[in-house]
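For reference, the structure is listed below as structure tokens.
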Amino acid sequence: MDSFSINVTYTAQTGVRTRFAPSPTGQMHVGGIRTALYAWLFALQHGGEFILRIEDTDKSREIEGSIGHIMESLKWLGIKWSEGIDVGGAFGPYLQSERLDIYLKYAHKLITDGHAYPDPYTEEEVQAFREAAEAEKRPFLYRDHRPTTMQEWDGKAPLRFKVPEIKRYEWNDLIRGTMSAGEEALDDFILIKSDGFPTYNFAHVVDDYEMKITHIMRGEEFISSTPKFLSLYDALGIQRPEIATMPVILGAEGTKKLGKRDGAKDILDYRSEGYLPEAMRNFLALLGWHPTGDEEKLSTEDLFREFKIERVQKSGAQFDEQKLLHLNREWMRDLSPEEYVERGNLVAHLGLGEDAVPTLLKLVPILKERAHTYQEAWDMLIGELASIFKAPELQKESLLAKEPAEGAGSTKAHLEAVLGLMKSLHEEQDADAVKAVLMPYADGISKENGGRGAALWPLRYALSGAERSPDPFTLISILGKGESISRIQTALGILG
Ligand code: GLU
């Protein structure tokens, strides 16, 4: 056969079934979870199933706790699997290490059909083949050393696949179009290792078939192995799923693959830093795909409506942290004050009691204005806004910082005047109303006497005890009339 090509056209009768098939090797990076998101969106758009399978056949790379971590990451982002680990389904088990008998069944079929053989060589023998090939300046290939007589497989020797004699492979990728590779891409690869576990190459082909997967979404690191998979589908006489290869994710400069420095963190680190899952999901969707319109803030409903696998880009997608921050702030701004306090767990985070909620609610507009993440909001609350919850320790020098040299006593006079004006305020008053009462007084202070700052600075400082804080009108509206008056009185006491 000169050319080998399988082109399955997906038909609606089969029902779309996609899967996310991570290995439990520790972290859950942005790239992996983006693949899961696309596979999930695609399945749901077609009324299909999204399956979570765990590929744990490489025991040396396994890290304890990874499966829980994977599930938690998906759950955090609202990517729900309808079948698989934890939830079960008709095609289980969904943990590869529990499917060894299934792989064996397929392995024996391949042996019987003459497509697989036990590798009879010791490491030393293989080394000798390698050296001989090197000396003759030709590549070492297992297929040049196939045993002439077939031995019985004891299940201990590695089982190798006998690749067919072919010239070229061609296949269609839903995102990248026609792909091809020459025969150099193939050698007799291992199906089952000497530890009894199948290789990824073999196990996923069997599982995708057994689990009736219709579409495979995965990263580009698997492109070079695709001819191996194709040759296996052919030898097993089974139909392959459609393949969609995701674009690689590039770092901020847009040249190199995303590395730790550019934010290739574990997905749950974003949760601890106070990103909202809806923002993260929105951002991940845009990593390699763009809607037809300009609007980038997209809800899950928008994504269901607009996502098109054919519109996923072939070229690398740049990880733009600024865009993530921007989107997260936008999503945080959409929350009602009550949701904002609740979702950021503000009360518990600050070690406060429920009685702090009314004050926190009043602070939400300030937080929404500046914080891109809850981490930034938490930092503001324990930093410049901390004195809202606890009366500050005031320093006399700071109270007098704006007093003109020749105006001794003027700060005290201004604070007393403000105190007088405040009597007309209600206990709860918004910042504009406070400003309307107090600003005319500050505006009336002449330039020689220090201008409006001569009153507003000590007032703001008396209320906040901080160099940087919201303006005094906002502070009074948040603290309430009683607490504000008490803080101004403390300041007056210090001034003597
Ligand atoms: N277990 C593979 C990985 O974690 C999955 C590849 C695939 O989706 O087929 O990289």
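Note that this is a predicted model, so its numbers are computed, not measured. Order of appearance sets the numbers: ligands from 1, and atoms from 1 within every ligand. Atom set for the values below is all heavy atoms of this structure, side chains included, hydrogens, waters and symmetry mates excluded.
- Residue Glu221 does not touch ligand 1, judged by heavy-atom distances below 4.0 Å.
- For the residue pair Gln375/Asp379, the side-chain donor-acceptor check at 3.5 Å is satisfied.
- Those atoms of ligand 1 that come under 4.0 Å of a heavy atom in Ser23, given as number and element, are 1 (N), 2 (C), 3 (C), 4 (O).
- Only the backbone of Pro22 comes within 4.0 Å of ligand 1, judged by heavy-atom distances.
- With respect to atom 5 (C) of ligand 1, the closest heavy atom belonging to the protein is Ala21 O, 3.0 Å.
- Side-chain polar atoms of Asp56 and Ser97 form a donor-acceptor pair below 3.5 angstrom.
- Heavy atoms of Phe20 found under 4.0 angstrom from ligand 1: none, in either backbone or side chain.
- Looking at residues two or more places apart in sequence or on another chain, you find a ring-ring contact (aromatic ring centres under 6.0 Å, His included) between Trp289 and Phe307.
- In this structure, atom 10 (O) of ligand 1 lies nearest to the protein heavy atom Phe222 CZ, 3.5 Å.
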Side-chain donor-acceptor pairs under 3.5 Å in residues 189-198, sequence neighbours left out?
| from | atom 1 | to | atom 2 | distance (Å) |
| --- | --- | --- | --- | --- |
| Lys193 | NZ | Thr57 | O | 2.8 |
| Asp195 | OD1 | Phe197 | N | 2.9 |

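- For ligand 1, the atoms closer than 4.0 angstrom to any heavy atom of Glu55 are 1 (N), 2 (C), 5 (C).
- Between the side chains of Arg146 and Tyr117, no donor-acceptor pair of N or O atoms lies under 3.5 Å.
- Using a 3.5 Å distance cut-off with no hydrogens or angles, the side chains of Glu55 and Gln96 do pair a donor with an acceptor.
- At the shortest separation from atom 7 (C) of ligand 1 among protein heavy atoms lies Tyr200 OH, 3.2 Å.
- In this structure, atom 8 (O) of ligand 1 lies nearest to the protein heavy atom Arg19 NH1, 2.7 Å.
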